[in-house]
Protein chains: 2
Amino acid sequence: MAPVIRPEGEGLSRSYVRPCLLLLLAEGPSHGYELLEQVRQAGVRNADAGGLYRTLRAMEQAGWVSSWWEPSQAGPARRSYMLSDEGRQALVESLEAMREVHRMLGAMLDRYDVVAPAEVSPASVASR
Amino acid sequence: MAPVIRPEGEGLSRSYVRPCLLLLLAEGPSHGYELLEQVRQAGVRNADAGGLYRTLRAMEQAGWVSSWWEPSQAGPARRSYMLSDEGRQALVESLEAMREVHRMLGAMLDRYDVVAPAEVSPASVASR
DNA sequence: CCCGATTAGATGTAGCCTACATATACCAGG
DNA sequence: CCTGGTATATGTAGGCTACATCTAATCGGG
C-alpha cells in the first residue's frame, strides 16, 4: 500500500522516453528499434521495448508523428516515424519543461552544497 | 491501454518528492505539513499531501528518518521527522542520481540547439 | 458560544503505467 | 535446421499517481 522506497535506478527515468523520442525524431526520421538504442544511449537505460513501441503509436494517435512501413534488405520490415509540425511544437514545449527541471535540479544540487559535510579535503572545492 | 500522451505538467514530477524530502530534512528536522509547502516551493507543484505523508512513513519504515509527536501551541500536534544516518547515506546516493539526471538533461538540451531552428534574431545567441 | 477557515495528519481507491514476459516474423551463418 | 540478431507487437500483475474523503485541534469572527 505504502510507496516502495528504493534507490533511484541508474540513468533517466522512463518518463523521459517521450521527450527523448521527440528530440531524436527532430534530427530525422527513424524506426523503433533504432530509436530504442538511441534512447538508451541518451540516458534512459533499460528503456522498455514494448513500452517504446506503444509510446510511438500513442504519439501517432496524438498527431505528433506519422509512420509508414519501409522494407529492409537485411531483416524484417520497419515502421519508420517522422516528426509532424504538431510534434515539433510538442518538442518545443517539452524542452521548456526540461529546461525548468534542469534549472530546479541545479537549484537543489546547489542547495545541498550549503548543508553538505566537507567529505574530502578543502582542495576538492578548488578542483570543481 | 496505450500510454496517454499529455503535456508534461509544470514543475518537477512527484518522483522528486523523496529526494527532496531527504534534502530538506538534511537542513534540519521538520514536520509533514511544513515539508509539503517546502517541497512545493522547491519545484514539485501540487505535491499530493496524502502521498507525502505516506512517503514519510515509508521512509521511516526504510530507516531513513525517525519521527516523534510534538505538541503545538497553535493547532493540532505534529509528527516531526529527523534524518537518520542511513537517510543521510540515501541522500548522498540520491544526489548522485540527480547529478546524473542534471547532466543528461543538459546534454539533451545542448543537443537540441544543434537542430533547433533559429527562432529569433542571431542576437539571441549572444544574449545567452 | 458556534461556525467556518486553517493547520495537521491519515486512509481509500480507480485506473494509468511500469516492468517484464511472451509472440511473431525475417534473415544470416553454421 | 537451428540459433542468434533484427524488428514490431501484445498481455498482464501490481505499483503508484492523483484525487477524494475523514479526523481533529485551534483560532478568528459574529
Below 3.5 Å is the cut-off: list the nitrogen or oxygen pairs between protein and nucleotides 6-11 of chain C, distance only.
| residue | atom | partner | partner atom | Å |
| --- | --- | --- | --- | --- |
| C/dT7 | OP2 | B/Y33 | OH | 3.3 |
| C/dA8 | OP1 | B/R78 | NE | 2.9 |
| C/dA8 | OP1 | B/R78 | NH2 | 2.6 |
| C/dG9 | OP1 | B/R79 | N | 2.7 |
| C/dG9 | OP1 | B/R79 | O | 3.3 |
| C/dG9 | OP2 | B/G32 | N | 3.2 |
| C/dG9 | OP2 | B/Y33 | N | 2.5 |
| C/dG9 | OP2 | B/Y53 | OH | 3.2 |
| C/dA10 | OP1 | B/R57 | NH1 | 2.8 |
| C/dA10 | OP1 | B/R79 | NE | 3.0 |
| C/dA10 | OP1 | B/R79 | NH2 | 3.3 |

**OP:** List for me each residue that meets salt bridge (Lys or Arg N to Asp or Glu O under 4.0 Å) alongside B/R111, sequence neighbours excluded, and say none if there are none.
**Re:**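 In terms of salt bridge (Lys or Arg N to Asp or Glu O under 4.0 Å), with neighbours along the sequence ignored, B/R111 is linked to A/E27.
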Rounded to the nearest Å, what distance is computed from the [atom1] atom of residue [X] to the [atom2] atom of nucleotide [N]?
X	N	atom1	atom2	answer
B/L52	D/dA20	CG	P	18 Å
A/E70	C/dA25	CD	P	22 Å
A/N46	C/dC20	CG	P	8 Å
B/R14	C/dC17	CZ	P	14 Å
A/L36	D/dG5	CG	C1'	14 Å

**OP:** Check whether any side-chain N or O of A/E60 sits under 3.5 Å from a backbone N or O of A/S67 as a donor-acceptor pair, and report yes or no.
**Re:**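 Answer holds: yes.
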Original post:
Residues sharing B/V114's hydrophobic cluster, by side-chain heavy-atom contacts under 4.5 Å among ILVMFWY, directly or via others?
Top reply: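 When side chains under 4.5 Å apart are linked, B/V114 ends up in no cluster with other residues.
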Original post:
Residues sharing B/M82's hydrophobic cluster, by side-chain heavy-atom contacts under 4.5 Å among ILVMFWY, directly or via others?
Top reply: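 Reading the cluster by chain and number, B/M82 sits alongside B/W68.
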Subject >> Pairs touching residues 37-59 of chain B that satisfy ring-ring contact (aromatic ring centres under 6.0 Å, His included), sequence neighbours left out >> reply: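 The answer is none; no pair qualifies.
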I'd like a table of donor-acceptor pairs (distance under 3.5 Å, sequence neighbours excluded) in which one partner is a side-chain atom from residues 31-42 of chain A, with atom names and distances.
| residue | atom | partner | partner atom | Å |
| --- | --- | --- | --- | --- |
| A/E34 | OE1 | A/S30 | OG | 2.6 |
| A/R40 | NE | A/A47 | O | 3.3 |
| A/R40 | NH2 | A/A47 | O | 2.7 |

